[in-house]
Each structure stands twice: as structure tokens, then as C-alpha cells.
Amino acid sequence: MISIIIPMYNSEKYIEKCIESILNNLYKNFEIIVVDDGSTDDSIKIVKKYTNIKLLYSNHAGPGSARNVGIENASGDFIFFLDSDDTINPNTLKILKNNIKKYDIVIGNYNIIYDNGDIELFKTPTDSKFNSFFESVTVWNRLYRKEFLNKYKIKFESIFQGEDRLFLAELYLHNPKINVISDNIYNWMRHENETQKTLTHINDESNFNGQLYCMQKFKSLLENKISVKDRDLLIEHLQYSCIYLNEILKTTCKEKCDI
């Protein structure tokens, strides 16, 4: 069985569509676990309309903490993460289940869907295991074998920024067997408008400092435990990430953050 874990925060505009995309899947051997992270809108009320969903709660500690609650309460052999404003395709679960076989993780492609309707396809690279893992530091375009997560006690940090990056770093250090597939298995709704976002943080100095902390820890976790070739890729990855960090600096911090 696949346990689908959805961290939720003020997602009344999206959560029903998210859940319906799961229920419309061809593969039916799954459970849905929604972990509310302190919503103040009607998100919980909407989820309670569904009688076949586990609704759990976390203490407004961010999406990583909410996902940990989900993992701890998961009954399935496999874990799939889905954000509350995103959707999956009708064949997503079937494709992932058919391709995990002897692997610990299956990684697929995904659509980036913008508020204006534009769609961009992200293809997971296959040139190296490092790039397959970290070209996109997202946890939701993958299916995980729960036994592997439990064996190495891999959890998310209870932070509001970059928890997925550090989760993937911990995974990578334990050398999981991965299968990169060419199928498109996820729809990421990219909200550019602040009023449309569902994250439990705002773009301010704390956002900058949180991202900086994660990049520094990401580097320290990996740099002395990976090959020379992977270290070169790590530096390239961090250089690219610093472009994103600089954008936060310019748009939200201005004079407050230490460049």
C-alpha cells in the first residue's frame, strides 16, 4: 500500500482538487494522510467531508514536521508526499508502484503550472545520480520505500525553509538504489502571487536566513562524504542556489540581510 502524506496549511482553495486527483487514480491501494499545520481557514472543514482520510495535526512547525507526523502514522510500505495545492495524474500511483520493484526510490518528471496557465515540464536528469537527486530539491516527485526511511531513521527537520533539501541529503548519504523514469507524475502549482501561496512563512529576513542555513548545512553534510566528481556537482548546485538566494535578498530583505 502507498501512504500519501499531505502537509496542509490554509489550503481551502486547493485541497479538494488535490484530494480528488488522488481518488481519481487508477491504482486504488493507498491511504491518504492529511496533516494540518495550524490552518485558520476552512481547510479542515473541507477535509472532514471525506470519511476515508486520516486527518492529523502538527503544532505549526512547518511542512517538514507535518510530514514527519505523516510518516509516523503511515500504514503503507511506500511513502508519497503531495503538497496541498498540487495534484497528481490518474496514472501516477500505478506508474510509481510498477517501477519501484527492487529500488528504494523512484523519481519522475513533473509539470510546473503557473497561475497564468503556462506549463513547463521538468525532466529529471539521468547523467549522474547526484543530479538525479538534487537538480530539483523536491520530495514530491518520488516514491519512497518506507523500510529504507525507517532503517536509517531519516526525518525532516522542523524548519520552514529548505527542509526538503536536507531530507534528500540525508537520504543520499545512505546510498539508496534509485530508478529515474521518464514519466510525468506530478503537477506543481507555482504561485507567484503572495495571496495565492500556502506556505507557513512569508518572504522576509527569516526566509533569507532559513534558506542560507539550509544551504550551509547541505554543504557541510555532503562535501566530505561524497566523491570528487560529486563535490564538483555540489559546488555547481550551490552556485545556482545562490542565484535564488540573491533574488530573495533583492526582493524581500534589501538592507536587512547580510550578503
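Just so it is clear, the structure is predicted and the values come from calculations on it, not from any experiment. Sequence positions, counted from 1, serve as the residue numbers for this chain.
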CG (L173) and CD1 (I154) are apart, to the nearest 0.5 Å, by 9.0 Å
Is a side-chain N or O of N98 found less than 3.5 angstrom from the main chain of K94, in a donor-acceptor match?
yes
Hey, are the side chains of F133 and D230 touching, using non-hydrogen atoms and a 4.5 Å cut-off?
no
Between N141 (side chain) and G108 (backbone), is there a donor-acceptor pair under 3.5 Å?
yes
Could you check S43, S84, S58 and say which one makes a side-chain hydrogen bond (donor to acceptor under 3.5 Å, both in side chains) with D37?
S58
In terms of hydrophobic clustering (I, L, V, M, F, W, Y; side-chain heavy atoms under 4.5 Å; direct or indirect links), are M1 and I5 co-clustered?
no
Linked hydrophobic residues, M189 as query - side chain contacts closer than 4.5 Å
I113, I119
Restricting to pairs with a member in residues 50-74, which pass salt bridge (charged side-chain N to carboxylate O under 4.0 Å, His left out), not counting sequence neighbours?
E31-K54, R67-D83, R67-E163
Atom pair CG (N187) and CG (N111), whose distance is rounded to the nearest 0.5 Å:
5.0 Å
Checking side-chain contact (heavy atoms from CB on, under 4.5 Å) against M8, which of V47, L56, D85 comes through?
V47
Looking only at heavy atoms, which two atoms of W140 and F81 are closest? And how far apart?
CB-O, 3.1 Å
Nearest heavy-atom pair of N184 and N89: which atoms, and what distance?
O-ND2, 3.0 Å
Measuring only between side-chain heavy atoms, which start at C-beta, is Q239 closer than 4.5 Å to I243?
no
Taking only Lys NZ, Arg NE, NH1 and NH2, and the carboxylate oxygens of Asp or Glu, determine whether E157 and K217 approach each other closer than 4.0 Å.
yes
Main-chain N/O of T124 paired to N109 side chain as donor or acceptor, under 3.5 Å
yes
Distance in Å, D164 CG paired with L171 CG, rounded so as to fall on 0.5 Å steps
11.5 Å
Quick note, salt bridge (charged side-chain N to carboxylate O under 4.0 Å, His left out) partners involving residues 236-246, not counting sequence neighbours, are none
Are L23 and V34 connected into the same hydrophobic cluster when the rule is that any two of I, L, V, M, F, W, Y join if their side-chain heavy atoms are below 4.5 Å apart?
yes
Can you confirm whether K146 is buried at NZ, in the sense that more than 12 heavy atoms of other residues, nucleotides or ligands lie under 6.0 Å from that atom?
yes
Is the backbone N or O of Y103 less than 3.5 Å from a side-chain atom of N179, with the two atoms forming a donor-acceptor pair by type?
no
Would you check if there is a donor-acceptor pair between the side chains of Y152 and E170 at a distance under 3.5 Å?
no
Are I22 and I6 close enough that some pair of their side-chain heavy atoms sits under 4.5 Å apart?
yes
Aromatic ring pairing F167/F156, orientation class (parallel under 30°, perpendicular over 60°, tilted between):
parallel
Counting only N and O atoms by type, is there a donor-acceptor contact under 3.5 Å from the side chain of K129 to the main-chain atoms of Y172?
no
Decide yes or no for F218 and S241: does some side-chain heavy atom of the first lie under 4.5 Å from some side-chain heavy atom of the second?
no
What's the spacing between E147 CD and I79 CD1 if we round to 0.5 Å?
12.5 Å
Same apolar cluster (I L V M F W Y, side chains within < 4.5 Å links), L212/Y240:
no
Would you call L168 and R142 a side-chain contact if the rule is heavy atoms closer than 4.5 Å?
yes
Do N68 and V35 have side-chain heavy atoms sitting under 4.5 Å apart?
no
Side chain to side chain contact (heavy atoms under 4.5 Å, CB included) assessment of L143 paired with F80:
CA-CA 5 Å; L143 183 68; F80 182 77; 4.0 Å; yes
Could you tell me which non-hydrogen atom of L234 sits nearest to which non-hydrogen atom of K219, and how far apart they are?
CD2-O, 4.3 Å
Working to the nearest 0.5 Å, report the span between NZ of K123 and OG of S136.
15.0 Å
Counting heavy atoms not belonging to K102, are there more than 12 under 6.0 Å from its NZ?
no
Please find the pair of heavy atoms, one from S3 and one from A74, that lie closest to each other, and give the distance.
OG-CB, 3.5 Å
Below 4.5 Å, heavy atoms only, C-beta onward: do I2 and Y27 meet side chain to side chain?
yes
Excluding sequence neighbours, so at least two apart, what forms side-chain contact (heavy atoms from CB on, under 4.5 Å) with P125?
F122, D127, N131, E135
State whether the side chain of N116 and the backbone N or O of D118 hold a donor-acceptor pair below 3.5 Å, judged by distance alone.
yes
Value for CD (E16) from NZ (K49), rounded to nearest 0.5 Å, stands at 4.0 Å
T138 versus Y186, side-chain donor and acceptor atoms under 3.5 Å
no
Using modelled atom types only, decide if a donor and an acceptor are shared between the side chain of D36 and the backbone of L55 within a distance under 3.5 Å.
no
Answer yes or no: are there more than 12 heavy-atom neighbours, outside N59 itself, under 6.0 Å from its atom CG?
no
Closest non-hydrogen atom pair, I226 against R231:
O-NH1, 3.1 Å
Are any side-chain N or O atoms of S132 and backbone N or O atoms of F130, one a donor and one an acceptor, separated by less than 3.5 Å?
no
Option passing side-chain contact (heavy atoms from CB on, under 4.5 Å) with L26 (candidates T92, N91, I95):
N91
The side chain to side chain donor-acceptor pair (under 3.5 Å) partners of S65 (sequence neighbours excluded) come to none
Ignoring hydrogens and angles, tell me if any N or O in the side chain of D104 forms a donor-acceptor pair with the backbone of F148 under 3.5 Å.
no
Go through Y213 and L166 one step at a time and tell me if the side chain to side chain contact (heavy atoms under 4.5 Å, CB included) criterion holds.
CA-CA 10 Å; Y213 161 79; L166 300 182; 4.3 Å; yes
Treating R165 as the side-chain partner and F134 as the backbone partner, does any N or O pair qualify as donor plus acceptor under 3.5 Å?
no
Which residues satisfy the side-chain contact (heavy atoms from CB on, under 4.5 Å) test with S21, sequence neighbours excluded?
T87, I88
